[in-house]
Amino acid sequence: MSTPAQDTEPAHRYTAALANRIEAHWQDRWQADGTFEAPNPAGPMAEPGKVAGRPKTYVLDMFPYPSGIGLHVGHPLGYIATDVYARFKRMTGHNVLHALGYDAFGLPAEQYAVQTGQHPRITTEANIATMRAQLRRLGLAHDQRRSVSTTDPGYYRWTQWIFLQVYNSWYDDKAQRARPIAELEALLAAGERPVPPGVPGVADGGAWPELDELSRRRVVDAHRLAYLSHSPVNWCPGLGTVLANEEVTADGRSDRGNFPVFKRDLRQWMMRITSYAPRLLSDLDRLDWPDSIKLQQRNWIGRSEGARVLFRTDAGPLEVFTTRPDTLFGATFMVVAPEHPMLGQLASGAWETDVPTAWTGGAATPRDAVEGYRRATEMRSDLERQSEGRDKTGVFTGAYATNPVTGEVIPVFVADYVLMGYGTGAIMAVPGQDDRDWEFAKRFGLPVIRTVAPPADFDEASGAFTGDGPAINSRNESLDLDGRDVAEAKARTIDWLEARGTGQRTVTYKLRDWLFSRQRYWGEPFPVVYDEHDLPIGLPDAMLPVELPEVDDYSPRTFAEDDNTSEPEPPLARKEDWVSVTLDLGDGPKAYRRETNTMPQWAGSCWYELRYLDPTNTERFVDADVERYWTGPQGEDQVGGVDLYVGGAEHAVLHLLYARFWHKVLFDLGHVSSSEPFHRLFNQGMIQAYAYTDPRGSYVPADEVVEEVVDGQPTYTWQDVPVTREYGKMGKSLKNMVTPDDMCATYGADTFRLYEMSMGPLDVSRPWETRAVVGSQRFLQRLWRNVVDEETGLARVVDAAPDEATRRLLHRTIDTVRADLDGLRANTAIARLTELNNHVVKAGVMHREVAAAMVLMVAPLAPHLAEELWSRLGHDTTVTWTTFPVADPALLVVDQVTAVVQVAGKVRDRLEVSPSISEDELRVLALASEAVRRALEGRAVRTVIVRAPRLVNIVPA
RNA sequence: GCCCGGGUGGCGGAACCGGCAGACGCAGAGGGCUUAAACCCCUCGGCCGAAAGGCGUGCGGGUUCGAAUCCCGCCCCGGGCACCA
């Protein structure tokens, strides 16, 4: 065991030590030669000669976050897959752009920095350096010149610039696109657009010429795609920041940290992503994305067709949204959300005499009841609201409304099962046809009118009937729905409402505007200041970047996780000498206060794929020609965008939705030529791992666990103690972490790459198994030994032409490997290459022609080894730009195939036949088979199915 | 509850449009080389059975000359959404 390997091993065996030497050598060489630098058509990276005549391919990995913990073997899976694909594309004549940068702002960097006591910039830079080194060791063919970091002022300057583009635009619903804000001002001034009602601080009904300067600014601000909103937002005291809807889990906790989240009225920055809901939805059809991701985005955007209907009340018209206008005759009460703006007016009267106490909640007046309910709702976290079960709560407002089709007077309630953020924040309740309304009606003793006839076997006591059926009880003097199905009844009702001006057909989306500010230090500062009126002003481009200032205390102000009375405190607000600033914004030096919130982590990743294209440009975020070349519209569908985007499915509705939104704004404003950022998306699966716990529930080192089969059952022990196996994530605390560094040291980077690619299809999750890695190493060792003499280190290939069988196998392999690599199926490509390699081992001779082709085919997978073998075969050029082998069609034609002979669908014989054999010939041969005669056992033949030349199926009587 | 995926040897997986189930690899068994071991090379290997043969792609049905593959109904696992009117 202690015998040094060198004593017994041949001097030139492909061991981990040799692999590591080869790998270091070629990595240095690639770096010195700039082998993977992709030429641009224009700008500082322009090399028009290299661009011409080559199709382009843009291969992108999801922007990694440089974690302080380091990588485990699961992290590089996607990077290796894109590297294999990118290398293959280079070898088939493409100009390939493949780069990797760092998404380095955000909560984890800040938390890690707080733990280590170092400034986030220092920790972040150290983490990036560590990750670069880890990834460099894998031989990833990235264009290093294009590696950007979101935390670099040269990068976030443009993130701020894009923010200002969004800020300085509005959405023209008629044109269905964003336009510069100056065009809105012109339209307002010309009277071509009315001043909308409801702008805070502006009296309704005023025309533009009558408005003062401040009111005009407020009106314009109310149209911006990035705007300040004073509205209920997700406030997370445990994190000390507000969060976007996408960052809050279904049970009302923060996605990160798992702290409770409260709805609080706060002034925060929002982005008007809702304007883009129709296009974000419909453009999904043009994308080559996994159906599951498209579906998740569709569900998140949540389009619903229905109608808005006005109900008359003493406090004025109360508007509801419903997807079931056909059930209007069954609306026996109404419910408004606790945050509804009309609530105060609705609850202004006194109780009538016979109102049940269940309705009043015991309050003396409707105002008390509603106010108490509203406050109780506010004090509860979303989590509490949900965990209190689905038991409906609410109080009567004391107000009544008139059902527009029946003329009936119905009570109006307030209840938290109606959400202010969706529809109009008010509903008509139809207990007969809606489960939630049914529950509420049962609890408060409200009447139920069925307007859709349920099937005969329907249990009337069981609740609402939400299915389709003929309408009943739905008739007045001018509208008769009875007998109509749901679709027909909906249409007729809407027509009736529209004719009377009490309702209209409409489409509603679940998507909410994007809460864009965070109370964090480690993020992009907003390029915004406030004037003496506390109105925001976007800074001019010339003042960018607004650099993140150095501060003494960058830690977030967090609170007890259930402390919902506290106020968010942005760390930057503590730096008073930075916050107060004197600027000349065109009207002389004046005092301003800076915005102290920072942007969410998603900001930097919303456009990084564009910066890779032109990372050093100081004039524009990306040069127009460069952008058009790499991501411009092309092909029949004219979509454009990144050709292949690989990453995990966890970003389905976060990054992927935000990035699409920003990209569309940039497209509308003419800054990019494609309407979508990512044309093709591929989700790689996760590499998971087994973890083991001892009887006390503590994790034990997974690599020290012994597996034995006892009585046919696998058992696991650690230091003779039985342990329990579980399957899940890989992590330090689970004591099952395996790192790429471990694998490179033990086997070499090429073996590691090959193993990750051979484990299975890229999109499937699977368990990591270190002991299986040796299989990939054996393959590379055999390939090495087939080409190189282990004693001398010299190539041992023969120049003679290979035999016919070998050559045919080679070309069949070339044909399938090409197709497999192009289709991201490296696992099956490797299987075919292994077969060919094993064939050469068995033949005992490696012909130069075969060796060259094999080395080139292996090059995308195991690039260092391929470079070394290519060099030892006498070449002085890199394999990177050498043409991938092409199969000779003549050698793919087989001269003999195996025909299967079945009797009653069971294989009974095999015949070697010509591929051009006729059906009749094959039938005769099959029927003559001795095995067939035996299997027939004297029975007569009823039918013979012949599929020449592969198969015959004989069906006995 | 609703919506997506997915269930194939001891394990990871292959099988492209309905036509040889289990490619390739790991682990295993046997053999060769070796003083010996490792490496390497060869052979075996779904299950039952001595064999002939039978049974086999989560379970139960169906379509078909023929089903891992298509259809219907279940079960289990993974993921997403969830008071969205």
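Quick note on labels: first sequence line is chain A, next is B, and so on, each numbered from 1.
- When heavy atoms are screened at a 4.0 angstrom cut-off, Ala772(A) is found touching the sugar-phosphate backbone but no base atom.
- Taking a cutoff of 4.0 Å between a charged side-chain nitrogen and a carboxylate oxygen, Arg825(A) and Asp820(A) qualify as a salt bridge.
- Both tests hold for Lys392(A) against Tyr417(A): distance to the six-membered ring centre under 6.0 Å, angle to the ring axis within 45°.
- For the pair Ile293(A) CD1 and rG80(B) P, the interatomic distance rounds to 11 Å; values are reported in whole Å.
- Using a cutoff of 4.0 Å between basic side-chain nitrogens and carboxylate oxygens, Arg832(A) and Glu835(A) are scored as salt-bridged.
- rA14(B) and rC26(B): their C1' atoms are spaced 15 Å apart (whole Å).
- Remark: Arg778(A) is in phosphate contact with rC26(B), judged by side-chain N or O atoms under 4.0 Å from OP1 or OP2.
- rA37(B) and rC48(B) have their C1' atoms separated by 38 Å, given to the nearest Å.
- Distance OH (Tyr727(A)) to P (rG12(B)): 8 Å, rounded to an integer number of Å.
- Of the two residues near RNA chain B, Asp437(A) and Asp291(A), the one whose nearest nucleotide lies more 5' is Asp291(A).
- Across all strands shown, Asp435(A) has no heavy atoms under 4.0 Å from either base or sugar-phosphate atoms.
- Note on Thr508(A): nothing from the nucleic acid sits closer than 4.0 angstrom, heavy atoms only.
- Closest to the side chain of Ala831(A), out of rA23(B), rC3(B), rC41(B), is rA23(B).
- OP1 or OP2 of rA23(B) has not a single side-chain nitrogen or oxygen of Thr834(A) nearer than 4.0 Å.
- Rounded to an integer number of Å, the gap from Leu783(A) CG to rC24(B) P is 17 Å.
- Salt bridge absent: Asp416(A) and Arg374(A) never bring a charged side-chain N and a carboxylate O closer than 4.0 Å.
- The gap from the C1' atom of rC4(B) to that of rA85(B) amounts to 24 Å, rounded to the nearest Å.
- Of the C1' atoms belonging to rC74(B) and rC81(B), the separation is 24 Å, rounded to the nearest Å.
- Relative to the six-membered ring of Tyr690(A), Arg725(A) meets both conditions, a distance below 6.0 Å and an angle of at most 45° to the axis.
- No salt bridge links Arg812(A) with Asp815(A); every basic N to acidic carboxylate O contact stays at or beyond 4.0 Å.
- Taking only side-chain atoms of Pro767(A), from C-beta outward, the nucleotide of rG12(B), rA85(B), rG25(B) with the closest atom is rG12(B).
- Nucleotides rG22(B) and rC77(B) place their P atoms 31 Å apart, quoted to the nearest Å.
- When each of rG54(B), rA23(B), rC20(B) is scored by its nearest atom to the side-chain atoms of Val900(A), the top-ranked nucleotide is rC20(B).
- For RNA chain B, the stems formed by at least three consecutive Watson-Crick or G-U pairs, with both atom-pair distances below 3.5 Å, span B:1-7 with B:75-81, B:10-12 with B:24-26, B:28-32 with B:40-44, B:46-48 with B:53-55, B:58-62 with B:70-74.
- Nucleic acid contact for Pro290(A): none, since no nucleic acid atom lies under 4.0 Å from a heavy atom of the residue.
- Contact between the side-chain N/O atoms of Asn827(A) and the OP1/OP2 oxygens of rG25(B) is not found at any separation under 4.0 Å.
- At distances below 3.5 Å, not a single donor-acceptor pair connects side-chain atoms of Arg13(A) with backbone N or O atoms of Glu790(A).
- Distances shown here put every side-chain N or O of Asn953(A) at or beyond 4.0 Å from the OP1 or OP2 atom of rG19(B).
- Atom CH2 of Trp300(A) and atom P of rG80(B) are 12 Å apart (whole Å).
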task = Check step by step if side chain to side chain contact (heavy atoms under 4.5 Å, CB included) holds for Asp789(A) and His12(A).
result = CA-CA 7 Å; Asp789(A) 186 305; His12(A) 298 273; over 6 Å; no
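- In the set rG25(B), rC83(B), rG66(B), rC83(B) carries the atom at the smallest distance from any side-chain atom of Tyr417(A).
- Within 6.0 Å of CZ on Arg303(A) lie more than 12 heavy atoms contributed by other residues, nucleotides or ligands.
- In this structure, of rC4(B), rA85(B), rG19(B), it is rA85(B) that holds the atom nearest to the side chain of Leu419(A).
- Between the P atoms of rG12(B) and rG58(B), the separation comes to 14 Å (whole Å).
- In this structure, Thr322(A) reaches the sugar-phosphate backbone alone: every heavy-atom distance under 4.0 Å involves primed, P, OP1 or OP2 atoms, never a base.
- Using a 4.0 Å heavy-atom cutoff across all strands shown, Ser776(A) reaches no nucleic acid atom at all.
- Here the side chain of Lys392(A) is nearest to one of rA85(B), rC83(B), rC42(B), namely rC83(B).
- Side-chain proximity of Arg908(A) to rG54(B), rG12(B), rC20(B): nearest is rG54(B).
- Taking every side-chain heavy atom of Arg782(A) into account, rC41(B) is the closest of rA14(B), rC41(B), rC40(B).
- Map Val773(A) and Leu951(A) each onto its nearest nucleotide of RNA chain B; the residue landing nearer the 5' end is Leu951(A).
- Distance check on atom C1': rC3(B) versus rG53(B) gives 47 Å, rounded to whole Å.
- In this structure, the CZ atom of Arg766(A) is 7 Å from the P atom of rG13(B), given to the nearest Å.
- In this structure, Gln296(A) places its CD atom 6 Å from P of rC81(B), rounding to the nearest Å.
- When the C1' atom of rC2(B) is taken as reference, atom NZ of Lys510(A) falls 11 Å away, rounded to whole Å.
- When heavy atoms are screened at a 4.0 angstrom cut-off, Arg303(A) is found touching no nucleic acid atom at all.
- At whole-Å resolution of the value, CD1 in Ile301(A) and C1' in rC3(B) are 16 Å apart.
- For rC20(B), its base sits under 3.5 Å from the side chain of Arg910(A) at one donor and acceptor pair at least.
- For Val955(A), counting side-chain heavy atoms from C-beta on, the closest listed nucleotide (rC26(B), rC65(B), rC4(B)) is rC65(B).
- In the set rA23(B), rG19(B), rC40(B), the nucleotide with an atom closest to the side chain of Glu835(A) is rA23(B).
- A distance of about 15 Å separates the C1' atoms of rC59(B) and rA68(B), rounded to the whole Å.
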